Amino acid sequence: MGKDVIVACDFQSKKLTLDFLELFTGRKPFVKIGMELFYAEGPDIVRELKARGHKIFLDLKLHDIPNTVKKAMAVLSKLDVDITNLHAAGTSAMMKAAIEGLTREDGTRPLLIAVTQLTSTDQESMERDLLIKEPIGDVVIHYAKTAKNAGLDGVVCSPLEAGIVKKACGMDFLTVTPGVRFADGDTGDQKRVMTPAEAKRIGSDYIVVGRPITAASDPVAAYERCVKEFVD
Ligand code: C5P
């Protein structure tokens, strides 16, 4: 897996998604299917995009008791996705159960990564709502190490934290980073943000970019700009 830009297809329907992806003539961006699209269209949207040649990050952020997550992951293992994820806050027992569920009979499985703290969470909301008082960077590192020890392949984290995660968990431990914005763009509800170029410099393996591409007046140009800043 090399460095790549993953386009967050946060659309309400298959039609809107396919209309959007058809703008990319000749290119097959790595796409992220999140809750909105998956809940609207079900597993068929994964099969459809896979059949069209896209790599897929299935971003459903599982978080439940270990047995439930194991069984849900066993169902997801039948979809040919490249990356899927869960919340590290579910604890290492849940993460180990997830790997068991996700591993197919032939021993293969999609990459499994853990959400540390959502990039919409900041120090203040974490302290106030979650009663977690440690510095957010320490919390992210602790969750990343717990995920690594449970056998996961990497984490979703803010690009601001990708460097410290690599330092704590090793260069092979994947960092997938949403919360990416162009220097001249809106931040929206994302609180811990970075540009594609900065994310590259700090060592992110994948950036996940939604609205800066999907809501751009020229989405293909915005995608190309991300690729130019992050990959080339
Ligand atoms: O539109 P925007 O670029 O903010 O989209 C970011 C995408 O990454 C969304 O689909 C969001 O659900 C996802 N994400 C995130 N923060 C995380 C994990 C996933 O923003 N920690």
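Model, not experiment: these values are computed from the prediction. Counting starts at 1 for both ligands and their atoms, in listed order.
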Subject >> Option nearest atom 10 (O) of ligand 1 (shortest heavy-atom distance, choices Lys61, Arg181, Lys32) >> reply: Lys32
Original post:
With atoms numbered from 1 as shown, which atoms in ligand 1 lie under 4.0 angstrom from a non-hydrogen atom of Arg211?
Top reply: 1 (O), 2 (P), 3 (O), 4 (O)
Original post:
Do Val156 and Pro178 have side-chain heavy atoms sitting under 4.5 Å apart?
Top reply: yes
Original post:
Starting from atom 20 (O) of ligand 1, which protein heavy atom do you reach first, and at what distance in Å?
Top reply: Gln190 NE2, 2.9 Å
**OP:** Answer with yes or no whether Gly179 contacts ligand 1, where contact means a heavy atom under 4.0 Å from a ligand atom.
**Re:** no
Original post:
Would you say the side chain of Val165 lies within less than 4.5 Å of the side chain of Ile141, judging by non-hydrogen atoms?
Top reply: yes
Original post:
Can you tell me if Ser125 and Asp122 form a side-chain donor-acceptor pair at under 3.5 Å?
Top reply: yes
Subject >> Where ligand 1 meets Asp10 - atom numbers and elements under 4.0 angstrom, heavy-atom basis >> reply: 9 (C), 10 (O)
Subject >> Considering all heavy atoms, the nearest Met95-Ala114 contact >> reply: SD-CB, 4.2 Å
Original post:
Is Leu118 touching ligand 1 with its side chain, its backbone, both, or neither, if touching means heavy atoms under 4.0 Å apart?
Top reply: both
Original post:
For ligand 1, is any non-hydrogen atom under 4.0 Å from Pro212's backbone (N, CA, C, O), its side chain (CB onward), both, or neither?
Top reply: side chain
Subject >> N or O contact, Gly210 vs ligand 1, cut-off under 3.5 Å >> reply: yes
**OP:** Quick one: pull up CZ in Arg109 and CZ in Arg104 and give me the separation to the nearest 0.5 Å.
**Re:** 10.0 Å
**OP:** Please work out which of the three classes, parallel, tilted or perpendicular, describes the rings of His63 and His87, given edges at 30° and 60°.
**Re:** tilted
**OP:** Look at the aromatic rings of Phe24 and Tyr223 and report parallel, tilted or perpendicular, splitting at 30° and 60°.
**Re:** perpendicular
**OP:** Distance to 0.1 Å, residue and atom name: give those for the protein heavy atom nearest to atom 16 (N) of ligand 1.
**Re:** Thr119 OG1, 2.8 Å
Subject >> Element-labelled atoms of ligand 1 that are located less than 4.0 Å from some non-hydrogen atom of Pro178 >> reply: 8 (O), 14 (N), 15 (C), 16 (N), 17 (C), 18 (C), 19 (C), 20 (O)
